Undergrad: 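The structure follows.
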Amino acid sequence: MNQLGQPILEARQLTKHFHAGSVMSRKIIRAAQDVSLSLYCGKVTALVGESGSGKSTTARMLVRLYEPTSGQIIFKGENVLKSRSRPAMLRYRSDVQMIFQDPFSSLNPVHTIRHHLKRPLILHKRVSSKSELEYSLGDLLNRVSLTPVHDFIDKYPHQLSGGQRQRVAIARALAVEPEVILADEPISMLDVSIRMGILNLMESLRDEQNIAFLYVTHDLASARYFSDQILVMYAGYMVEGGPSEELIQEPLHPYTKMLLSAVPDPSRGLLTRSDVEAKGEVPSLAAAITGCPFAPRCDRVMPECRVENPPVFQVSEDRWTRCYLYK
Amino acid sequence: MADSVSISKSTAEPEKTVIASRLPTLGWFGQILHSRKATFGLIIVGFFALVALLADVIAPYEPTRMVGRPHEAPSSEHWFGTTRQGQDVFSQIVYGSRTSLMVGAMTGTTVMAIFVIVGITAGYLGGWVDDVLSLLTNVVLVLPALPLIIVVARYIERSGPLTIVIVLSLVSWAWGARILRSMTLTLREAEFVSAAKVIGEPSWRIILSEILPNMTSLVVSGWIGAVVYAILTEASLEFIGLGDPNLITWGTTLYWAQNNAALLTKAWWTFIPPGICIALTGFGLTMINFGIDEITNPRLRAQ
Amino acid sequence: MTQTELQRIPVRDTTKPILTVRDLQVEYKIGRGTCGAVNHVSFDIYPNEIFGLAGESGSGKSTIAHAITRLLKPPGYIKGGSIKFMDYDLMQMDAESLRDFRWRHLSIVSQSAMNALNPVLTVGDQIIDAIVAHEEIKKEKALNRALDLLQLVGIDKERINSYPHQLSGGMRQRAVIAIALALNPELIILDEPTTALDVVVQRQIMEEIQSLQQRFGFSILYITHDMSLLVEFAHRIAIMYAGQIAEVGPSNQIFQNPKHPYTVRLMNSFPSISGPRKKLQSIPGSPPNLISPPSGCRFHPRCELAFEECLIINPKLVKVGQNHHAACLLIQEERSS
């Protein structure tokens with residue numbers, strides 16, 4: 001997306017292989033393969049996929065919870081994977097933060113909200129006195145609309161609702177004043193009626209503070225609502241990318257089409273058949289796959305699809321896909 | 001807007017087991033009082049602790065002095081009668097509680113320190129450290145503790161309470177270490193640990209501040225278990241004559257009772273009181289443990 | 001053997017409901033007090049229909065499923081109300097007759113049932129067990145029925161000897177549905193059957209369930225929090241809030257013409273994949289504490305249309321359209337004016 005300028009965080013050909021199994025039978029789980037993406041200030045990029053697609057793995061590599069098997073992570077022009085030293089990691093962590101999926105387990109049940117918000121402020125030296133700390137704590141809670149502050153600051157996680165906990169998680173991420181926030185399915189475990197509140201909050205953070213967001217989700221509908229561009233992943237590979245509305249209206253990759261047809265759509269009503277028949281299941285990541293991983297389920301499969309995994313084809317200025325149909 | 005808490009298990013979110021202690025560590029003690037079992041246990045143990053503390057005040061006689069006729073039955077002067085040597089059994093019990101409880105508490109604490117360090121280190125660091133520590137744990141686990149203690153006690157001439165504490169501590173930490181290692185492995189994968197890493201917490205802080213507080217109930221349980229084991233084993237050692245017979249403990253009182261053919265002479269007051277005290281203390285401590293179990297696993301709570 | 005023994009359920013009087021729930025009250029005794037999980041809920045399910053029960057956490061929808069099947073565990077108990085299934089009075093039956101009744105006429109696929117499959121029995125054995133437990137039938141006949149069932153739900157016949165861990169999540173869920181269908185019940189309760197599944201597999205299973213329902217004519221009580229799924233698949237939907245039914249009616253009416261403020265806000269809070277992109281809002285606040293729920297209408301603290309009476313009166317369901325009812329004082333106000 002040329003008009004956006006330079007990306008703030010880039011992933012270049014990130015690959016993650018996990019080793020599983022015993023000494024007797026070593027298995028390699030190819031969780032993510034050759035993943036490249038760019039995040040821009042003030043823009044939301046959605047990473048969409050089902051289970052086993054590699055989207056969570058990608059997010060965790062970007063936040064350096066997992067070390068990539070190969071590839072580069074470029075932040076503000078520099079490859080951050082060069083160093084694992086504590087100062088380098090701490091610096092990175094003050095720029096790139098994460099919001100986790102489960103509000104019930106991403107907060108430590110034995111610590112108060114105050115503790116959860118205090119730690120990042122202290123670790124990254126954002127405050128230098130007690131009064132500054134109190135002020136910052138109040139400010140953070142205000143920014144995520146958890147007011148009045150004294151109603152929340154000394155509570156324990158189990159005393160808050162799911163939505164409130166997720167707001168605390170967002171406040172914690174904001175405490176370090178990050179430039180990039182990676183949100184790993186932040187609303188999928190919340191009640192339907194409060195999901196939008198969290199998304200709207202993130203939207204306002206994006207607008208007011210120009211934060212770059214990566215929104216990892218399996219829900220295309222909310223990706224359409226919240227993001228500027230959508231990247232679709234399947235079986236560890238990125239298979240399509242483009243501006244959200246365009247991708248939703250005119251999907252290129254057969255998997256994207258299948259995904260779109262499968263999403264529940266109330267306006268579709270009863271008894272209408274979907275455009276692309278939902279078929280088959282996602283492949284296991286433990287076995288090496290030759291050819292395109294979607295070939296077994298694809299209704300437009302061609303002989304060359306089974307031979308080699310298609311490379312990325314740039315279909316237009318801002319749309320690309322991994323599919324031989326677009327050679 | 002009133003703070004409200006959803007009551008029923010949400011069906012929008014998958015079942016999530018709340019890890020270890022559902023409650024913050026401080027409000028924890030108050031929770032213990034909610035459990036009838038634990039409160040009952042606390043009362044018993046508290047009673048004995050008080051007796052041990054106030055031994056000088058409570059005991060009417062010096063435990064080793066001959067203050068009455070041998071093998072006198074319980075009377076108003078000697079509530080638990082006298083031993084073969086004419087010593088007041090009641091005073092012996094009172095003073096004996098001191099040593100018995102102290103040995104128990106010291107052993108418990110030492111054992112706790114060992115298994116916490118070993119268990120958490122093995123669980124959190126993994127890799128070869130885990131392999132080595134697990135091997136060590138498994139070896140200690142299968143060691144027959146009592147025979148080993150007997151052999152060591154035999155070897156050391158005058159084995160006083162300190163020897164017993166050391167020996168007991170060295171052989172009974174393995175079970176707790178296993179449990180803590182297992183719990184640490186689970187907690188290590190918890191999302192709040194990942195969140196702490198992402199915020200930038202160093203590993204030592206994660207272990208001490210994020211993981212350990214979630215295991216307090218296990219640690220306390222382990223401590224209590226070790227205390228019970230120590231009290232009982234110490235009494236056993238002394239009973240078979242491996243302690244210092246000149247000390248006054250519940251175990252030595254039993255030893256002398258047996259030595260003096262108490263059963264034969266039907267001097268029941270010389271061995272039943274110490275036996276009951278040992279049993280009651282163990283029982284009380286175990287009740288506290290049950291109470292802790294109930295708190296951390298609400299499904300066990302009595303209806 | 002191709003002829004399946006699952007017969008199409010005989011057409012019965014479609015104007016008479018097969019399940020009638022009246023004034024159901026379910027409570028949970030917990031440490032701090034009594035939680036009123038289900039509060040005077042009444043609804044009917046007719047033959048050959050998919051009835052959706054929608055709600056968020058704390059709405060009471062799962063509790064209703066357990067209450068209807070009389071599988072409620074302590075500290076939950078039914079405080080009052082009646083549950084009638086065809087000629088059976090479920091509240092009066094003893095444990096033995098209930099066990100006999102269950103599965104034959106009413107089966108349930110509970111949440112994450114696919115994880116509740118016995119890991120040491122093959123899938124085939126578990127289906128056969130269910131059949132043999134309720135019917136006097138020869139083992140080979142049961143086996144044939146099991147094979148037919150697997151085919152019906154879209155599992156390869158040869159998987160009959162597979163263990164649950166050898167099947168994917170979607171397959172396991174299909175197996176559980178096969179078990180639920182085994183005795184051709186008149187009503188199947190599905191409690192969040194696809195929540196743990198990917199959206200593509202969810203679509204496959206929903207379409208299979210739909211075609212099975214059309215083919216055999218059983219009714220479904222479909223419980224979920226996924227409103228968009230319900231609007232697509234259910235004939236009628238009841239929206240639950242804080243243990244009560246807020247609105248009930250045909251699904252297209254609920255979606256296009258909601259009358260209860262909660263339903264209106266709810267329909268406005270999930271993004272759609274088609275149609276225009278509009279700004280969405282969530283509902284402020286949280287579901288109420290059911291130990292001491294708000295006085296009057298339980299939704300009033302979160303409702304911007306609330307007025308004084310809303311704090312006093314807990315509205316009953318009133319008719320707002322053809323087969324469409326909602327429990328809101330605003331509707332009654334419109335009537336009287």
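Computed from heavy atoms alone, side chains included, the values below leave out hydrogens, waters and symmetry copies. The sequence lines fix the lettering, A, B, ..., with proteins before strands; numbering per chain opens at 1. Everything quoted here is computed from the prediction, not taken from an experiment.
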Undergrad: Once side-chain contact (heavy atoms from CB on, under 4.5 Å) is applied, do any residues pair with A/His19, and if so which ones, sequence neighbours excluded?
TA: A/Arg26, A/Ile28

Undergrad: Pick whichever of A/Arg119, A/His124, A/Arg172, A/His116 has the most heavy-atom pairs under 4.5 Å with chain B.
TA: A/Arg119

Undergrad: Taking the side chain from A/Lys16 and the backbone from A/Glu67, do they hold a donor-acceptor pair closer than 3.5 Å?
TA: yes

Undergrad: Mind checking ring pair (Phe, Tyr, Trp, His ring centres under 6.0 Å) for A/His115 and listing every partner two or more places apart, or none if nothing turns up?
TA: A/His111

Undergrad: Would you sort out whether B/Arg188 and B/Glu210 count as a salt bridge (charged side-chain N to carboxylate O under 4.0 Å, His left out), showing the intermediate values?
TA: CA-CA 9 Å; B/Arg188 199 177 65 173; B/Glu210 304 289 328; over 6 Å; no

Undergrad: Heavy-atom cut-off 4.5 Å, strictly under: side chain, backbone, both or neither for A/Met98 against chain B?
TA: both

Undergrad: Just by distance, with hydrogens left out, do A/Ser136 and A/Arg126 show a side-chain donor and acceptor under 3.5 Å apart?
TA: no

Undergrad: Counting only non-hydrogen atoms closer than 4.5 Å, can you tell me which residues of residues 104-123 of chain B sit against chain A?
TA: none

Undergrad: Can you tell me if A/Gln97 uses its side chain to pair, donor with acceptor, with the backbone of A/Arg93 under 3.5 Å?
TA: yes

Undergrad: Under a 4.5 Å heavy-atom cut-off, does chain B meet the side chain of A/Leu65, its backbone, both or neither?
TA: side chain

Undergrad: I'd like to check the side-chain contact (heavy atoms from CB on, under 4.5 Å) partners of B/Glu189; sequence neighbours left out, ordered by chain and number.
TA: none

